[in-house]
Engineer: 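Sharing a structure, written as structure tokens. Questions coming.
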Amino acid sequence: MQEDLFKRLVSHCKEYGFIYPSSEVYDGLNGVYDYGPMGVELKNNIKEYWWRAMVQMHENITGLDSAIFMHPLIWKASGHVDAFNDPLVDNKDSKKRFRADVLIETEIDKLIAKADKEVEKAAKRFGDAFDEKMYRETNPRVLEYTQKAEAVEKRLANAMKANDMADLKAIIDELEITEPDTGSRNWTEVRQFNLMFSTQMSNTGDDGKLYLRPETAQGIFVNFLNVQKTTRQKIPFGIAQIGKAFRNEIVARQFIFRMREFEQMEMQYFVRPGTEMEWYNKWKERRMAWHRAITPAEKLRFKDHDNLAHYANAAVDIQFEFPFGFKELEGIHSRTDFDLSSHSQLSGKKMQFFDPELNEHYTPYVVETSVGCDRMFLSVISNSLIEETVPDAQGEDSSRTVLKIAPALAPVKCAVLPLLKNKEELVGKAREVYDKLKFHFLCQYDEKDAVGRRYRRQDAIGTPYCVTIDFETLENDTVTIRERDSMQQERVAISEVARIVAEKTDLRKLLEQIDVAL
RNA sequence: GCGGUGGUAACUCAGUUGGUAGAGUGUCAGCCUUCCAAGCUGAAUGUCGCGAGUUCGAAUCUCGUCCGCCGCUCCA
């Protein structure tokens, strides 16, 4: 059922020009997609909704568009060089994949557990007279376990540091590590997976290796002082950015949910240390309000992180119920001063703020909100693509496919339709109306097929309004305006159409909703 | 990467024991039509994922390869 819905969604996106597989004539490229004529409109509208909600609506948030290429040390400072590397190994019998370092660490834990068990047994045997420290230092069996654990730990650390995959494999073989479920020791070679794409810049010395940014956030951090000084912002203030990021995912799956090239909409909010939880909670609510303005509340939820990333002291996801279950749409993280401090340390540049109220310098704490633009796109499509039954001309049941998208996000705002194609007066008049409306918003003119079919075509791409030019138009300059969801029509003066459609498709309506929800 | 499964028109799919490809929808042109898809006439569109092999002959059988989907794994 859900799977069918997802398949339908993917076909619909292709068929109506929202999303195409990338490089399709060359059989496609895994995990990469292109946005088609309707897709780019919708995506731009989502971005604009976000931008205005963040930048326009907050006088202390400014925008930024930093480059994708950045100094390689940035990724050292951010922790990506170390944390974005995974050594993976497959078990040939069970066909399961494991992180090699995790396997070895589990084995180390087992050794330590064995030593502890020996100590425990001895403690029982000797009773009150037991000297644990002495026993640990002298008992040959305990010593063997602990020394081995330490040796392996050291070797693991060295191998990880040196990216020595062969040695990781050697450790697995020497320790005779088995697959947890099947006990198989039939392992493949250990392979390194680096989640960052790299490329080459010819004249930077060394080997000129550069990474394609795996997140947009760092562009904001390294510009923190530039922005703060040139915009005369005081803490708290935020910097917002929309841009592409790249991750070499081991597997990119689920359509545009996990792509190797994707777009993020991120805002970093710089706050006084100690106030971060207060802002974290405020931003949780604000961001949820932003989502709720365009998505039914029951399809959204918060999900706290079980494991915090290396930089965070609090983290929550806003999840959306996709056809394949509740999944992350946006992350809200309290990143502490990890990034600014780290860049300060590595670059040698002080990245602090002088707080005139406290009369002191400090490194600001950061609360981050980060939405996946493509995931937003997918969520918008998946909660608005509807197949419904409506009466046809004879009053019989007929089905229609309609994209019940928020009018402000719709790719095309208004379609202009002459009632009949073979009446020159209607066609001419319709052209006139179209030529006026095109100054206000994206419109489509369509005269092909019966008007009912044209309505359905517009429904399929989510056009909120259809204006039809009929014989009465020729007499009194009025048209019918048909609303997508209700299919109700109203007769209005041509001179009013632009105002009506603009009013109802203006982002302002959404922004006002969010403001009320705060 | 491994396993499962699939790849035929823009979309959804059919294609018999091997005989040079079809349907529905869509698209285009024309007709009809005074407001909610599926009225009439006509047309275009496929290297049957790609390559090789078997065969007189391959969408169909065999091998290889590429790509998709699902699972394992990963997911700031």
Side-chain angles (χ1 to χ4, degrees), chain A residues 3-4 6-8 10-17 20-21 23-31 78-80 83-84 86 88-100 102 179 181 186 188-191 193 195 214-215 217-218 245 247-255 257-258 264 266 305 307-312 315 317 324 327-328 331 333 335 338-339 368 370 372 390-396 398-402 417-423 426 448-460 466 468-474 479-480 482 484 487-489 491:
Chain A
E3 205 172 293
D4 286 354
F6 191 46
K7 269 182 80 174
R8 255 207 352 257
V10 174
S11 312
H12 192 88
C13 282
K14 170 90 190 288
E15 191 165 5
Y16 288 93
Y20 312 124
S23 315
E24 205 185 2
V25 296
Y26 289 101
D27 294 329
L29 193 58
N30 182 266
S78 70
H80 285 82
F84 240 43
D86 288 333
L88 297 183
V89 63
D90 294 321
N91 187 281
K92 291 180 192 167
D93 295 325
S94 71
K95 311 296 183 199
K96 287 193 179 171
R97 169 169 288 179
F98 297 86
R99 269 177 58 173
V102 172
E179 203 272 340
D181 294 332
N186 193 4
T188 62
E189 292 306 305
V190 178
R191 286 179 315 275
F193 283 84
L195 276 290
E215 65 174 23
Q218 298 305 323
R247 288 181 197 173
N248 196 4
E249 300 286 353
I250 295 162
V251 288
R253 289 272 169 87
Q254 277 147 341
F255 198 37
F257 182 80
R258 175 163 295 115
Q264 293 183 308
E266 292 199 319
H305 282 208
N307 303 312
L308 292 176
H310 60 275
Y311 55 72
D317 287 342
F324 39 85
K327 298 274 176 171
E328 178 186 0
H333 310 115
R335 292 181 78 125
F338 176 87
D339 301 276
E368 165 188 82
S370 173
V390 294
D392 67 9
Q394 285 75 42
E396 304 280 309
S398 72
S399 73
R400 75 162 181 160
T401 301
V402 53
L417 319 169
L419 184 59
L420 299 174
K421 179 189 172 190
N422 57 359
K423 298 286 185 290
L426 292 180
K448 173 85 180 142
D449 301 317
V451 71
R453 191 198 289 256
R454 281 177 272 159
Y455 288 144
R456 299 297 167 88
R457 268 207 285 268
Q458 294 300 328
D459 289 340
C466 292
T468 303
I469 283 72
D470 58 16
F471 292 95
E472 199 178 330
T473 310
L474 303 175
V479 294
T480 62
R482 176 246 196 204
R484 179 193 65 203
M487 298 167 70
Q488 294 299 307
Q489 286 177 301
R491 185 160 283 278

Engineer: For A/Ser11, answer base if it contacts any base atom (sugar-phosphate contacts may also be present), sugar-phosphate if it contacts only those atoms, and nothing otherwise; contact means non-hydrogen atoms under 4.0 Å.
Structural biologist: sugar-phosphate

Engineer: For a quick check of understanding: with a heavy-atom distance under 4.0 Å over all strands, which category does A/His12 fall into, base, sugar-phosphate or nothing?
Structural biologist: nothing

Engineer: By nearest atom, which of the nucleotides B/rC35, B/rA37, B/rC36 is closest to the A/Ser398 side chain?
Structural biologist: B/rA37

Engineer: Under 4.0 Å between any heavy atoms, over every strand shown, what does A/Asn422 touch: base, sugar-phosphate, or nothing? Just pick one.
Structural biologist: base

Engineer: Report which part of the nucleic acid A/Arg453 touches: base, sugar-phosphate, or nothing (heavy-atom distance under 4.0 Å, all strands).
Structural biologist: sugar-phosphate

Engineer: May I ask which nucleotide in the shown strands pairs with B/rC13, Watson-Crick or G-U wobble, both distances under 3.5 Å?
Structural biologist: B/rG22

Engineer: May I ask you to test the A/Arg482-A/Gln458 pair for a side-chain heavy-atom distance under 4.5 Å?
Structural biologist: no

Engineer: Only pairs with both distances under 3.5 Å count, Watson-Crick or wobble alike; so what is the partner of B/rU73 in this structure?
Structural biologist: none

Engineer: Write down the distance separating the P atoms in B/rA59 and B/rC67, rounded off to the nearest Å.
Structural biologist: 24 Å

Engineer: Pick the nucleotide of RNA chain B nearest each of A/Gln488 and A/Gly31; which residue has the one closer to the 5' end?
Structural biologist: A/Gln488

Engineer: Base, sugar-phosphate or nothing for A/Thr480? Non-hydrogen atoms, less than 4.0 Å.
Structural biologist: base

Engineer: Kindly say whether A/Arg491 contributes a backbone atom to a donor-acceptor pair with the side chain of A/Thr480 at under 3.5 angstrom?
Structural biologist: no

Engineer: Suppose you measure atom P in B/rC13 against the same atom in B/rG49; what distance do you get, rounded to whole Å?
Structural biologist: 15 Å

Engineer: Rounding to an integer number of angstrom, what distance separates B/rA58 and B/rU73 when you compare their P atoms?
Structural biologist: 45 Å

Engineer: For A/Arg400 and B/rC36, what is the distance between atoms CZ and P respectively, to the nearest whole Å?
Structural biologist: 13 Å

Engineer: Under a 3.5 Å limit for both distances, which nucleotide forms a Watson-Crick or G-U wobble pair with B/rG68, could you say?
Structural biologist: B/rU5

Engineer: Is a side-chain N or O of A/Arg454 found less than 3.5 angstrom from the main chain of A/Pro418, in a donor-acceptor match?
Structural biologist: yes

Engineer: Could you tell me whether a side-chain N or O of A/Glu266 sits under 3.5 Å from a main-chain N or O of A/Ala217, the two making a donor and an acceptor?
Structural biologist: yes

Engineer: Please measure how far the C1' atom in B/rU8 lies from the corresponding atom in B/rG46, and state the result in whole Å.
Structural biologist: 8 Å

Engineer: Please measure how far the P atom in B/rG53 lies from the corresponding atom in B/rG15, and state the result in whole Å.
Structural biologist: 29 Å

Engineer: Is a side-chain donor or acceptor of A/Arg247 paired with a backbone partner of A/Pro214 at a separation under 3.5 angstrom?
Structural biologist: yes

Engineer: Using a heavy-atom cut-off of 4.0 Å across all strands, would you classify A/Gln489 as base, sugar-phosphate, or nothing?
Structural biologist: base

Engineer: Between P on B/rU34 and CZ on A/Arg454, what's the gap in Å once rounded to a whole number?
Structural biologist: 12 Å

Engineer: CZ/A/Arg457 to OG1/A/Thr401 distance, rounded to the nearest 0.5 angstrom?
Structural biologist: 13.5 Å

Engineer: Can you tell me which nucleotide in B/rC35, B/rC11, B/rC13 comes closest to the side chain of A/Lys7?
Structural biologist: B/rC13

Engineer: Quick one: A/Gln254 CD to B/rC70 P, roughly how many Å, whole number?
Structural biologist: 6 Å

Engineer: For atom C1', what is the distance between B/rA9 and B/rU47, given to the nearest Å?
Structural biologist: 13 Å

Engineer: Using the P atom as the reference point in each nucleotide, state the distance between B/rU25 and B/rU41 in Å, no decimals.
Structural biologist: 13 Å

Engineer: With RNA chain B as reference, determine whether A/Asp449 or A/Phe471 sits nearer its 5' end, using the nearest nucleotide of each.
Structural biologist: A/Asp449

Engineer: Would you mind pulling out the nucleotide paired to B/rU45, Watson-Crick or G-U wobble, both distances under 3.5 Å?
Structural biologist: none

Engineer: Look at the side chain of A/Arg482 and the base of B/rC36, then say whether one donor and one acceptor between them are separated by less than 3.5 Å.
Structural biologist: yes

Engineer: To the nearest 0.5 angstrom, please state how far the CZ atom of A/Arg456 sits from the OG atom of A/Ser399.
Structural biologist: 7.5 Å

Engineer: Students often get this wrong, so: under 4.0 angstrom with heavy atoms, is A/Arg457 touching a base, only sugar-phosphate, or nothing?
Structural biologist: sugar-phosphate

Engineer: Out of B/rC28, B/rC36, B/rC11, which has the shortest distance to the side chain of A/Lys448?
Structural biologist: B/rC28

Engineer: Determine the Euclidean distance between corresponding P atoms of B/rG42 and B/rU60; express it in Å to zero decimal places.
Structural biologist: 34 Å

Engineer: For a 4.5 angstrom cut-off between non-hydrogen side-chain atoms, does A/Cys466 reach A/Gln489?
Structural biologist: no

Engineer: Measure from CD on A/Glu24 to P on B/rG46 and round the result to the nearest Å.
Structural biologist: 16 Å

Engineer: Figure out the CZ/P separation between A/Arg456 and B/rU25, and round it to whole Å.
Structural biologist: 16 Å

Engineer: Expressed in angstrom and rounded to an integer, what is the separation of A/Asn248 atom CG from B/rC74 atom P?
Structural biologist: 16 Å

Engineer: Within the 4.0 Å heavy-atom criterion, would you say A/Ser399 contacts the bases, only the backbone, or no part of the nucleic acid?
Structural biologist: base

Engineer: In whole angstrom, give the distance that lies between atom CG of A/Leu419 and atom P of B/rC35.
Structural biologist: 6 Å

Engineer: Determine the contact category for A/Pro21: base if any of its heavy atoms lies under 4.0 Å from a base atom, sugar-phosphate if only primed atoms, P, OP1 or OP2 are that close, otherwise nothing.
Structural biologist: nothing

Engineer: Tell me the interatomic distance from A/Leu417, atom CG, to B/rC35, atom P, rounded to whole angstroms.
Structural biologist: 14 Å

Engineer: Checking all strands, does A/Lys421 fall into the base, sugar-phosphate, or nothing category for heavy-atom contacts under 4.0 angstrom?
Structural biologist: base

Engineer: Which base, if any, makes a Watson-Crick or G-U wobble pair with B/rU62, both distances under 3.5 Å?
Structural biologist: B/rA52

